[in-house]
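A short worksheet on the structure shown next.
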Protein chains: 4
Amino acid sequence: MKTFLADIQNEPAPIPLDINRVGIKQLKLPLQVLQKDGGLQHTIADVDLSVDLPKEVKGTHMSRLLESLLEKTLLLSLQKVKELLFTLRSKLKAQVARASFNFPFFLDRQAPWSEQSFLMDFTVQITGILEKNDLCFVLEVRVPVMTVCPCSLTISEQGAHSQRAIIKLTAKIQKMVWIEDLINIGLQAGSVPVYPLLKRGDEKKVVESAFANPMFVEDVVRKAAFLLDKVENILGYRVEVESFESIHNHSAYAIISKPIKEQI
Amino acid sequence: MKTFLADIQNEPAPIPLDINRVGIKQLKLPLQVLQKDGGLQHTIADVDLSVDLPKEVKGTHMSRLLESLLEKTLLLSLQKVKELLFTLRSKLKAQVARASFNFPFFLDRQAPWSEQSFLMDFTVQITGILEKNDLCFVLEVRVPVMTVCPCSLTISEQGAHSQRAIIKLTAKIQKMVWIEDLINIGLQAGSVPVYPLLKRGDEKKVVESAFANPMFVEDVVRKAAFLLDKVENILGYRVEVESFESIHNHSAYAIISKPIKEQI
Amino acid sequence: MKTFLADIQNEPAPIPLDINRVGIKQLKLPLQVLQKDGGLQHTIADVDLSVDLPKEVKGTHMSRLLESLLEKTLLLSLQKVKELLFTLRSKLKAQVARASFNFPFFLDRQAPWSEQSFLMDFTVQITGILEKNDLCFVLEVRVPVMTVCPCSLTISEQGAHSQRAIIKLTAKIQKMVWIEDLINIGLQAGSVPVYPLLKRGDEKKVVESAFANPMFVEDVVRKAAFLLDKVENILGYRVEVESFESIHNHSAYAIISKPIKEQI
Amino acid sequence: MKTFLADIQNEPAPIPLDINRVGIKQLKLPLQVLQKDGGLQHTIADVDLSVDLPKEVKGTHMSRLLESLLEKTLLLSLQKVKELLFTLRSKLKAQVARASFNFPFFLDRQAPWSEQSFLMDFTVQITGILEKNDLCFVLEVRVPVMTVCPCSLTISEQGAHSQRAIIKLTAKIQKMVWIEDLINIGLQAGSVPVYPLLKRGDEKKVVESAFANPMFVEDVVRKAAFLLDKVENILGYRVEVESFESIHNHSAYAIISKPIKEQI
């Protein structure tokens, strides 16, 4: 009879090459995120956990990755991600540990005229990377805005094309930067932010504000980079704006990047 | 030694229930589509093939579905889909056969001022259903357009929000209706169509035309339905318009449906 | 100066055609779902709300759809969806109201040998439809399972191909059917269910159970339909199984449907 | 009357920051790809074109990006991408030009026993980057394979779980490397490749081969990296394997990377 005592993972690797990252992804998990106001917000994250693997060892122990979550992450904050990384590294006997959480984050958004509030979602990703004595985080937020085309506004007798655009802000940090602060930069960087609930008077105000502030994707990406440059504790960033052009079937986009290439 | 002569599929079903459809999907295949002008267009389709299965039989023979393609569908036309359906039904010993092809279809689109041409894609789906003596087709096209909001245009001192919207036209037919004719209805049903390549003078003309023709999703869905009502050979249809609102993070949509429910 | 008192939506429709559904979709919202054990579960839903619109009226009032949510749906249960539908119908002066919520739902899943527990997600959709005096619900769950191919197991000297498959159960109901009960049917209908966390002894047990219970998609769809037939309060159903074949780059699938065509 | 002679793009930038990349994406285009055997293959690509923009200038001229395509890319080969990059750079008065094409590529795949042939798709991406005097290409292919779990095979009385996995090979090159050669490495790196059309005798042979060659994602990523190490003209690479585990609802993955971080 076969036995499950055999530990195939611990056998020598048939091809002795170091593996940069091995782990699990597309794991869904409900958790709570720490807000700037100290409150906690329920959300559901796509989780990605990985460690490195030295060339001598055939395989890692995937189930231990999930077990580390049980101990450390019902609550999501930079501190908790840090603890998780140390747990991963020790449980998996690794040098490098990496954990990433991608989730919707909600803010109450108030309409500018009626002042009615409603929740709106922003996609957020928090990644922690622990490598030797080096610990860093990559914080990413996606903020939808409206853009009005300045060229179109200047040359047309009436009107100008407008559209929804997504600003993706990615910041490499070592100390605390709040999700809300990054989102706030995005909200200021388009012609206007978008809103969940608008009454007629709100719609009038939003559209008039947008047409008073026409912006190309080039203008948006520069505005966001300009605002990011003022934020403390950011070691590097990448801003990408994608605008779903209403006169075309394709997107316009622009990117400004200050050395940040956290891919591997 | 085991033998592959065993035909498990032909064994009796452990639970004797009729199966409406069994087959394959997510199969990609390059093929050529017949154009209205008689020309052929190269494209790549997602293919979905299925047959029914009586309650006595355990399983169908999936590989025969693919083999039917070899014989019948380097070329895609209603006639070829019809031949494929008869082949499927006889090869699989079935009562009902169904084949669906989803693919990008390109038309040359001319800019309204510079008259420069460029190809633009429309997503098309052709489905054929053969059931006893009944043969019908469901033709679906997706046409991107621009919409300008009439409410916003009326109440704002300057401007109005505009956005890209997708019109999905689904028509049940027994006789020939051309893909190009359905796309053409979509192109007329928004504030303006969208274009691949626009020079500055084109952009001016497109935006001015759009602002002279503001439409809610309600207006667009009615315009498309009104135009479809005039087309011969359409037994039933469904029009869905989804507008990616530039002032919101969600979509507005509207549907008009004349009895067509080809789901199963 | 322009005024926002103008109510463009209430003007007569330029093309007098009834609209089956008009509303919003792709709206994300955090909410709580009622569990069978009486507890509440935090989740995040994609929301789709619509009403009909008579041919005389140009447009509906989209913002009222969102306002109805404010009053009625921090909590999601059939009772709450019913209340929302009545609110939508009266606020929008409509005959037909429809509300749909698509969200991840988590169950604690215990590994069969180690008995370790971990949460696993199932995608659920609850749709409520109110038409004149007719109120019904469509409940849909997606359950991932493992399938082992019976043909492959019979003809191969060693092994058989296995893969992940998704069972989608859609039930039309008028009285209460629990999400957990539908998921439970899915969990029983594959070769084995899949699990979030498995230790080595669990993996042995799961694989041996799966190989003792080989099933085609045809077997899975029949097993699920057979189990659904025994559930009270189900007026109609549709079962679809899609298997991501490990020997192919395409899917195998099967569908059994008892009159249910809730599309429009 | 307003004039379209105004060239808003050429005005000074309100915020003087260099932009790394500005352009268009999500543009679909039919084209032909050069095969290793000298033949041409029709496909449909998602196109992404961008240039840099100095801090003095407000905006780029997006329509010229599309016009460059008209001149240069009915045919896709490294030589043609190179010509396109030089055209982009001169037409847009830029220092850096970048062009990326993502498309399905088909190979005839022969079943191992019946020897029946059928086309199978592989997703390919060709990116060209021209920066000052530096020209390089990034070639990426995705190859689906089957993996059989070695642990599961050792500990189970009968069977082992298998699943579809995707190997993504990304290579930075300056001289020619054929798409077919990269795909070929992927086809050798799993337990077995997957096939489009298999008869019963083929299925037996494929499954038996796979069970004779069990591999973790760790084994697959090492095998692919080992084979890539032998290919000439590769300056750096990244191999990622994602396995859609049949016993779980999440993926296992592994990455080996030799300095390549072409993101910006």
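On a predicted model such as this, the values are computed, not experimentally measured, just so you know. Just so it is clear: chains get the letters A, B, ... in the order the sequence lines come, proteins before strands, and each one is counted from 1.
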| message | Under 4.5 Å from any heavy atom of chain C, what part of A:Gln41 do you find: side chain, backbone, both or neither? | response | neither
| Based on non-hydrogen pairs under 4.5 Å, which of C:Asp202, C:Asp121, C:Ile24 is most in contact with chain A? | C:Asp121
| note | The salt bridge (charged side-chain N to carboxylate O under 4.0 Å, His left out) partners of C:Asp48 (sequence neighbours excluded) come to C:Arg21
| field | Residue A:Ser117 versus chain C: region with a heavy atom under 4.5 Å | value | backbone
| request: Report the distance from atom CE of A:Met120 to atom CG of C:Leu29, rounding to the nearest 0.5 Å. | output: 12.5 Å
| task | State, yes or no, whether a side-chain contact exists between C:Lys199 and A:His61 at a heavy-atom distance under 4.5 Å. | result | no
| request: Of all the heavy-atom pairs spanning C:Leu66 and A:Phe118, show the shortest one and how long it is. | output: O-CE1, 3.4 Å
| task | Could you check which of C:Gln116, C:Lys28, C:Arg64 has the highest count of heavy-atom pairs closer than 4.5 Å to chain A? | result | C:Lys28
| note | In short, A:Leu119 meets C:Pro30 closest at the heavy-atom pair CD1-CG, 3.6 Å
| Side chain, backbone, both or neither: which part of C:Ile44 has a heavy atom under 4.5 Å from chain A? | both
| note | Sorted by chain and number, sequence neighbours left out, side chain to side chain donor-acceptor pair (under 3.5 Å) with C:Lys58 holds for B:Asp219
